[in-house]
Amino acid sequence: YVRGGEAAGDLDPADRTEAENDATRAAIMDQQLAGLSVVTDGEMRREGMVDYFTNVITGYDAPDGDGDSADWNASMPEVTEEISTAEPWLVSDFEFAESVASRPVKVTITGPFTLATFASTGAYDSIEDLALDFADLIAGEVKRLAEAGAEWIQLDEPGLGMSPHGELAHECLSRVAEAVPEDVRFGTHVCSGNYSNLADDMADFPVDELDLEFASPDADDPAEVFAGRDFEMDIGFGVVDTQSRDAESVAEIENRIREGLEHLPPDQMTVSPDCGLKPLERDSATEKLQNMVQAASNVEADLDAGEIDPV
């Protein structure tokens, strides 16, 4: 509503900024009240996880809106020239979130493979070349975020879950990882929950944490992902289905955490939702987070009491 009002000239840019600030405060407060150890800004300033970056990347242009809305290609950004950037993307967003939050703030960035594959490649000969150029731009943004004080940066890759390209993903992550200071936690999230064609490559990703989805009905059995593979990084183990509005009970989430502990030692496992909760109604998202935190606390108590034998 606010963005539409600004676009129509009915609201000033300052009105939009105020609304987005208020929404960010609310998102952070909800996460903190739920008991999360680390929070995000809820991506409240982003129209979409891909569209948003057309505002800050030269040569990565938003669709003109004249195409068929049902046509996937017509709704994708178009690459019109070699991509570049002359300004920070997310530094001011991070600085505002950090000023509001009382917990550490994780910065999420749409990953290079997704930015490349969710676009019409236009000026590039291949997805590979475009993805690698995006990786180089993201590496620059990571440096700026680290200089601003960010301690945890995560690349989100829904495109990788839809179209497994493990070798290209590894090269992109390696380029970004080179820009990450040692005191900054670097992770990536691979959406979809189906990793059979990607698991071998994921085990070798150069990240501190790999976030995976295991709570949706179509997700892989964790045993199929972890068996016979050496994942040395921490694993964000998804225990809340973000595709469903229905909040899982504490007992359901406890069972999912226990299932994760059959494959991962406690100090390697981060309990998390499958994916972002932004598409859900606020009440549903908040209840899911509250139940997840309570379930994690219950399982931690059982571990301390020796009632669970970790791997």
Side-chain angles (χ1 to χ4, degrees), residues 40-57 60 62-63 71-79 83 89-90 106-121 127-128 130-135 137-138 141-142 152-173 175-176 186-199 201-202 205 207 209-220 225 233 235-245 270 272-280 285 288:
T40 74
D41 68 355
E43 298 186 4
M44 291 300 171
R45 303 179 198 279
R46 307 187 198 184
E47 302 90 339
M49 67 180 305
V50 171
D51 307 25
Y52 181 82
F53 294 94
T54 64
N55 300 314
V56 292
I57 298 176
Y60 195 58
D71 181 359
W72 169 259
N73 290 324
S75 65
M76 296 194 302
E78 182 179 2
V79 180
I83 56 172
W89 305 351
L90 299 170
K106 177 168 70 174
V107 182
T108 56
I109 308 174
T110 303
F113 184 80
T114 297
L115 289 174
T117 56
F118 282 26
S120 175
T121 52
I127 288 290
E128 289 78 8
L130 179 57
L132 292 172
D133 273 6
F134 272 122
L137 291 188
I138 290 171
E141 180 65 7
V142 163
W152 190 338
I153 298 170
Q154 174 179 295
L155 305 189
D156 291 329
E157 287 285 16
L160 190 57
M162 297 166 62
S163 178
H165 284 69
E167 290 186 9
L168 176 58
H170 189 283
E171 174 60 25
C172 288
L173 287 168
R175 292 193 180 197
V176 178
F186 178 52
T188 192
H189 168 53
V190 182
C191 302
S192 85
N194 303 124
Y195 306 115
S196 59
N197 295 324
L198 194 60
D201 293 302
M202 292 193 308
F205 280 176
V207 295
E209 179 169 310
L210 173 66
D211 282 16
L212 302 175
E213 302 185 3
F214 292 109
S216 68
D218 298 326
D220 288 344
V225 176
M233 74 285 285
I235 299 296
F237 193 92
V239 297
V240 168
D241 182 4
T242 56
Q243 300 177 35
S244 170
R245 292 179 170 84
T270 301
S272 65
D274 263 4
C275 198
L277 294 163
K278 186 177 178 180
L280 301 182
K288 283 174 176 282

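Between L280 and K288 there is a side-chain heavy-atom pair separated by less than 4.5 Å. P112 is listed as a side-chain neighbour of E157, based on a closest heavy-atom distance under 4.5 Å. Between C191 and E213 there is a side-chain heavy-atom pair separated by less than 4.5 Å. Considering only heavy atoms from C-beta on, L212 comes within 4.5 Å of M202 through its side chain.
Checked against ring-ring contact (aromatic ring centres under 6.0 Å, His included), Y195 has no partners two or more places apart in sequence or in another chain. Remark: W89 pairs with T85 by the side-chain hydrogen bond (donor to acceptor under 3.5 Å, both in side chains) rule, at least two apart or across chains. By the salt bridge (Lys or Arg N to Asp or Glu O under 4.0 Å) test, E171 is found to be paired with R175, residues two or more places apart in sequence or in another chain being considered. Every residue two or more places apart in sequence or in another chain was checked for a side-chain hydrogen bond (donor to acceptor under 3.5 Å, both in side chains) with T110, and none qualifies. Under the rule for a side-chain hydrogen bond (donor to acceptor under 3.5 Å, both in side chains), the partners of T270 that lie at least two apart in sequence or sit in another chain are E209. Residues passing the ring-ring contact (aromatic ring centres under 6.0 Å, His included) test with F186, sequence neighbours excluded: none. Among residues two or more places apart in sequence or in another chain, the side-chain hydrogen bond (donor to acceptor under 3.5 Å, both in side chains) test is passed with Q154 by K106, D156. Listed by chain and residue number, nothing satisfies the ring-ring contact (aromatic ring centres under 6.0 Å, His included) test with F205 (two or more places apart in sequence, or in another chain). The side-chain contact (heavy atoms from CB on, under 4.5 Å) test applied to A131 returns A116, L168, C172, not counting sequence neighbours. In this structure, the side-chain contact (heavy atoms from CB on, under 4.5 Å) partners of P273, at least two apart in sequence or on a different chain, are V240, T242, L277, L289, M292.
The two residues P164 and L198 come nearest to each other via the heavy atoms CB-CD1, 4.1 Å. Closest approach of F214 to V225, counting heavy atoms only: CE2-CG2, 3.9 Å. Scanning all heavy atoms of the two residues, the minimum distance from T117 to G159 falls at OG1-CA, 4.2 Å. Closest approach of G236 and S272 over heavy atoms only: C-OG, 3.9 Å.
Side chain of E141 to main chain of L90: a donor-acceptor pair is present (N/O by atom type, distance under 3.5 Å, no hydrogens or angles). D211 places no side-chain N or O within donor-acceptor distance of the main-chain N or O of F237, the cut-off being under 3.5 Å. The backbone N or O of S216 sits less than 3.5 Å from a side-chain atom of D274, completing a donor-acceptor pair. No donor-acceptor pair under 3.5 Å is formed between the side chain of E78 and the backbone N or O of P63.
How far CG of L160 is from CG of L155: 11.0 Å, rounded to the nearest 0.5 Å. To the nearest 0.5 Å, atom CG of residue L130 and atom CZ of residue F113 are 10.5 Å apart. Note: M162 CE to S192 OG = 9.0 Å, rounded to the nearest 0.5 Å. Taking OG1 of T188 as the reference point, atom NE2 of H170 lies at 12.0 Å (rounded to 0.5 Å). Put simply, CD on Q243 and CG on D218 are 7.5 Å apart, with the number rounded to the nearest 0.5 Å. Distance check: F134 CZ to I127 CD1 gives 9.5 Å after rounding to the nearest 0.5 Å.
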key: Intermediate values then yes/no, side-chain contact (heavy atoms from CB on, under 4.5 Å), L210 and M233   = CA-CA 7 Å; L210 173 66; M233 74 285 285; 3.9 Å; yes
ask   = Yes or no on side-chain contact (heavy atoms from CB on, under 4.5 Å) for I83 and L115, after CA distance, side-chain angles and deciding distance?
value = CA-CA 11 Å; I83 56 172; L115 289 174; over 6 Å; no
message = The test is side-chain contact (heavy atoms from CB on, under 4.5 Å); show your working for R46 and T108 and say whether it passes.
response = CA-CA 11 Å; R46 307 187 198 184; T108 56; 3.8 Å; yes
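For residues 108-121, no pair satisfies salt bridge (Lys or Arg N to Asp or Glu O under 4.0 Å), with sequence neighbours left out.
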For residues 47-54, which side-chain N or O atoms pair as donor and acceptor with protein atoms under 3.5 Å away, sequence neighbours left out?
unit_1	atom_1	unit_2	atom_2	d
E47	OE2	R16	NH2	3.2
Y52	OH	D93	OD2	3.0
T54	OG1	D51	O	2.6

